[in-house]
Amino acid sequence: MDLGEDSGRLGLLPTTTSRTMSSSSSAFFSANQSPFFSPRSSTCQLSESARFDVQCDSTNLSADPPSSSSGIPDPKCLANVGFAVSDVSLMPAACVSSDFPKFDHSSCTYGHLHDNGFSGIIEKHRRHIRSHDMMFSPVPISLSSYQQSSYDVYIGLHGRKPSLLRFTNWLRAELEVQGLSCFVSDRARFRNSRKHGRIERAMDVSSFGVLILTKKSFRNQYTIEELRFFSSKKNLVPIYFDLNIGDCLVRDIVEKRGELWEKHGGELWISYGGLEKEWKEAVNGLVRADAWKLEALEGCWRDCILRAVTHLAMRLGRRSVVDRLTKWREKVDKEEFPFPRNENFIGRKKELSELEFILFGDISGESERDYFELKARSKRKHLTIGWSKSRSLEERRRECNWENGSRKGKEPVIWKESEKEIEMQSTERQRYQRPRSSGRNSRRKRPAKFIYGKGIACVTGDSGIGKTELLLEFAYRYHQRYKMVLWIGGESRYIRQNYLNLWSFLDVDVGVENCIDKRRMKSFEEQEEAAISRVRKELMRNIPFLLVIDNLESEKDWWDQKFVMDLLPRFGGETHILISTRLPRVMNLEPLKLSYLSGVEAMSLMQGSVKDYPIAEIDVLRVIEEKVGRLTLGLAIVGAILSELPINPSRLLDTINRLPSRDFSWSGRETHSLRKNTFLLQLFEVCFSIFDHADGPRSLATRMVQVSGWFAPAAIPVSLLALAAHKIPEKHKGTRFWRKLLCSLTCGFSSCYSKRFESEASSMLLRFNLARSSTKEGYIHFNEVIRMYARRRGVTGVSHAMVQAVVSHASLSHHSEHIWAVCFLLFGFGNDPTVVELRVSELLYIVKEVILPLAIRTFMVFSRCSAALELLRLCTDALEAADQAFVTPVEKWLDKSLCWGPIRTNAQLNPCLWQELALTRATMLETRAKLMLRGGQFDIGDDLIRKAIFIRNSISGEDHPDTVSARETLSKLTRLLANVQAHTSP
């Protein structure tokens, strides 16, 4: 329901909660007549004979239309009937199962419907449509056995400002998630005395009254009544929205003191015909509630809401809620952002303001004063919608409200959400022509350039231009408008796992056990979709999150070629989505093309701490800027070199030009940025030369960069990175021998020295901007351009060193993405070749200690069935290939010269190793069979388990416990397969 429509409709008081009220709220159960209520409330008693109007709409407080054009509820969820509050209508918020399934609604009782049934409800709903102030009418339903006892919190507000509604939605949703029943109302929206009576009863039975105060609240009759009422009961909780506590003084308001009240102050009781004494009494009552001190200023929404929920829960005796919120905040403080904030962030004011407008559909604060242009693609050529300082804010917001979907009357709303069309369309909008414009074609074949206010924005640009920096600055700048910033990497092989990793922040279970339907066996695809939908459902609540997808590689997932859009929540909700990518277009959205920094900003970034270069050197810096492609990454590295070393720009340019460029065999779309910018690659080589000059020809910092390209695109532990760097083979074997001898002699001191070297090397990488620090202590992150160049640099043995380091020291729970990177190197996933070849003994160790636990965890904990099964299949193939090599006859000089016997096989030469290989293969087959059983693929499982039994019979015997266990699995599979065949046979 849009903001342009009057919300004079009534919500029900229909919720009883499933928990017992705390003793601290028992004092507020009285329903006696309040002296501050109108006389009509004296006849309003909570009794079984009360009748209420029920409206079957969504429970969103939103400036946007609902996701469905229908107001008819599903019959299955009729017991959880809720009410529309998008224009802030009356809303009991404790029983909204569709948006808040965590809350227990099992005890919500509404009595029985009349004999007309659900079809009668639909017919009534279709017939009773108000002509002037409602898109959907409330449906009268008589409830015979309902009696409302109390609410934990009454939330009162006044206004239709989108930011106010967003804040109220969030506060209500957060309270509900924690199990506190709420009632939300903007009483000024209602004209019916019966509705006002019901609101007053809800106020009277609420344990606390939370009033969200704005600068316009003090001229509202109902807000003044609520202030006096809750102050008299000593349960007033004021939240100052875009106000300070010190601003709300009677004298300042009446005398119009200060910039705020100069326009909005005065004798405000006159505006609604009230009494001066009552008005001053209400405002002075805020002083007695000063202990709460809840200020929802522009930069502290999250803190204000969490403090309010915590204090309310504590006053209501919900200690578990307080403990849960405390633990959650501790986790968020440590893990919310992947990188610390860049204190030297330069420029991008226009882009930040534009992103704010695209996501919120409105701008506020400092961004409101920034000038920017928004160019819209349309049939009219050269049309530009410009926002200059001369235009009034009201004019801007009128245009914004149209873009946000402001509609009147009964115009049908159609959501189109696919890879082809992601926009909100309506039949009327296609015919609409804006004033002072012409040539608008009524038919629209392509979506708008930007979808303003629908909560999704996409930033595109070349690698190294600063997309991640922009998203990070936006996230830090606006993080208080969201409950949490959820940052995931968008690399195609890892995005699904990164998305499912959000379960720990959203408090959902995405494991297979939680997705099993007792009535039937779900397929693997259905189990994966169930896990994804659980995360997506949490993001579709009224609680706002900022989901950042950094470096989206493809619109499709690498594993199953499904669209990434299937992971995301519906656009237009409270959760916002921010994407960075090198793709020219994503999901048919026109991305915000990130341009280069201006000349002044680029010069400031390159000069660093040195600001007094002569004119000739400034000209050289401009030459370097052009040669480096004006990429922000290259400019930052140049600035770091000039700041760290006593070198001027002329000498640096000469050094870069004298370095020979390496010849690489470039292939693939991702190497295009490297292919066209050889000067940037030479700049990297200059950094390596500096490292080698400081630490010797085998600098640890240089080797850490070389090995970083084979790790996963995630933060890498410095200790693991250094270990892999140390395992890179040396070119001269003699030097390596003496180095090993020296290490053996000084083994007692090696630990502290290695840690010091690791720290110094990582510090050098950070200072020269080749790596960036992570919010995880002891982790660093490398830009994709640097990682790509490190792989192309092609030092022998680097990938093998990375595999050895990860296998020996990585943790499955903390470094699973890097373990997956090892799997991609060891096995040929898809069309990829095998990069690292292992000896049989190494393969057996990795399979038992790394691959098998990783596959089981991926399947059971994250429901990624296809990925886990594919990993096990490829691992089984590798074991079979090794087994085949073992039984192939081999010729050895030692065998011929000493044994004089027939040519034997490796299995005969190494019988113990061959048996271990065969038994490991049997374990893999049995594991795959058991997992196939969970997906209903009994025929494949039957074939796999029979192979495992044959191997175990041949080596361990029929009575071995492992063989017996495999036969039990076979019996179960055989029985299930027979049942399936019996049901499917004609």
Side-chain angles (χ1 to χ4, degrees), residues 162-163 242 297-301 337 339-376 384-393 395-397 399-400 403 449-453 455-462 464-482 485 487 546 548 550 576-581 589-608 611 622 625 629-636 639 769 772:
S163 58
D242 287 342
L297 300 176
E298 182 67 27
C300 62
W301 282 17
F337 293 98
F339 314 113
R341 189 170 188 175
N342 184 2
E343 300 298 336
N344 300 318
F345 184 81
I346 295 175
R348 305 298 190 193
K349 287 185 178 180
K350 172 185 172 182
E351 288 83 355
L352 288 170
S353 299
E354 202 159 345
L355 284 178
E356 181 188 5
F357 187 65
I358 293 173
L359 291 179
F360 293 98
D362 194 10
I363 55 173
S364 58
E366 295 182 0
S367 302
E368 194 170 315
R369 296 189 293 271
D370 292 336
Y371 171 85
F372 61 89
E373 282 190 342
L374 302 178
K375 295 182 178 179
T384 301
I385 304 172
W387 277 17
S388 64
K389 294 183 179 179
S390 61
R391 296 189 60 186
S392 67
L393 182 61
E395 289 176 336
R396 303 176 194 175
R397 283 177 177 163
E399 284 194 8
C400 169
E403 294 296 334
K449 184 171 183 179
F450 297 114
I451 303 178
Y452 298 107
I456 180 169
C458 182
V459 178
T460 185
D462 297 332
I465 201 171
K467 301 184 296 295
T468 300
E469 290 290 345
L470 177 65
L471 268 58
L472 186 67
E473 179 62 22
F474 181 90
Y476 270 105
R477 186 171 295 190
Y478 298 103
H479 74 280
Q480 281 288 333
R481 296 192 188 182
Y482 304 94
V485 176
W487 192 291
L546 177 61
V548 180
D550 188 25
H576 289 171
I577 303 166
L578 195 53
I579 302 172
S580 71
T581 182
L589 292 172
E590 186 73 21
L592 175 63
K593 178 70 175 178
L594 194 61
S595 60
Y596 303 110
L597 292 175
S598 66
V600 175
E601 294 165 348
M603 195 61 60
S604 175
L605 190 58
M606 284 190 295
Q607 285 179 323
K611 302 294 183 182
R622 291 196 178 97
E625 178 190 357
R630 301 177 67 186
L631 294 178
T632 307
L633 175 63
L635 301 178
N769 288 323
R772 65 180 307 158

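If you read the sequence from its start, that first residue is 1, and numbering goes on from there. What's counted below: heavy atoms across the whole structure, side chains too, no hydrogens, waters or symmetry copies. Since we're looking at a predicted model, the values are computed, not measured.
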Does the side chain of N769 reach to within under 4.5 Å of the side chain of L633, using non-hydrogen atoms? no
Shortest non-hydrogen pair, L471 vs W487, comes out as CB-CH2, 3.9 Å
Closest non-hydrogen atom pair between L546 and L578, with its separation: CD1-CB, 4.3 Å
When rounded to the nearest 0.5 angstrom, what is the spacing between OG in S580 and CD1 in I465? 12.0 Å
Taking the inter-plane angle between the rings of Y478 and F474 on a 0 to 90° scale, is it parallel (under 30°), tilted (30 to 60°) or perpendicular (over 60°)? tilted
Side chain to side chain, R481 and E298, heavy atoms closer than 4.5 Å: yes
Pair R477-E356, salt bridge (Lys or Arg N to Asp or Glu O under 4.0 Å): steps then yes or no: CA-CA 10 Å; R477 186 171 295 190; E356 181 188 5; over 6 Å; no
Using only atom types and a distance under 3.5 Å, with no angle test, would you say the side chain of K467 pairs donor to acceptor with the backbone of D462? yes
How far apart are the closest heavy atoms of V459 and L594, and which atoms are they? CG1-CB, 4.1 Å
Taking all non-hydrogen atoms of both residues, which atom of R630 and which atom of Y596 are closest, and how far apart? O-CD2, 3.4 Å
Between E601 and M603, is there a side-chain heavy-atom distance shorter than 4.5 Å? no
Would you please test T581 and C458 for side chain to side chain contact (heavy atoms under 4.5 Å, CB included) and show each step? CA-CA 8 Å; T581 182; C458 182; 3.7 Å; yes
Minimum-distance pair of heavy atoms, taken over all atoms of A457 and L355: CB-CD2, 3.8 Å
Could I get the full list of salt bridge (Lys or Arg N to Asp or Glu O under 4.0 Å) partners for E351, not counting sequence neighbours? R348
Counting only N and O atoms by type, is there a donor-acceptor contact under 3.5 Å from the side chain of E473 to the main-chain atoms of L470? no
Kindly compute the distance separating CG (L589) from CD1 (I579), expressed to the nearest 0.5 Å. 7.0 Å
Let me confirm one number: the CG-CG distance from L635 to L605, rounded to the nearest 0.5 Å. 5.5 Å
What's the shortest heavy-atom distance between E469 and F345, and which atoms? O-CE1, 3.6 Å
What residues, two or more places apart in sequence or in another chain, satisfy side-chain hydrogen bond (donor to acceptor under 3.5 Å, both in side chains) together with Q607? none
Rounded distance [0.5 Å steps], CG in L592 versus NZ in K350: 8.5 Å
Whether Y476 and F337 hold their rings parallel, tilted or perpendicular, with breakpoints at 30° and 60°: parallel
Donor-acceptor pair, side chain of S353 and main chain of K349, under 3.5 angstrom: yes
With W301 via ring-ring contact (aromatic ring centres under 6.0 Å, His included) - residues at least two apart: F167, F241
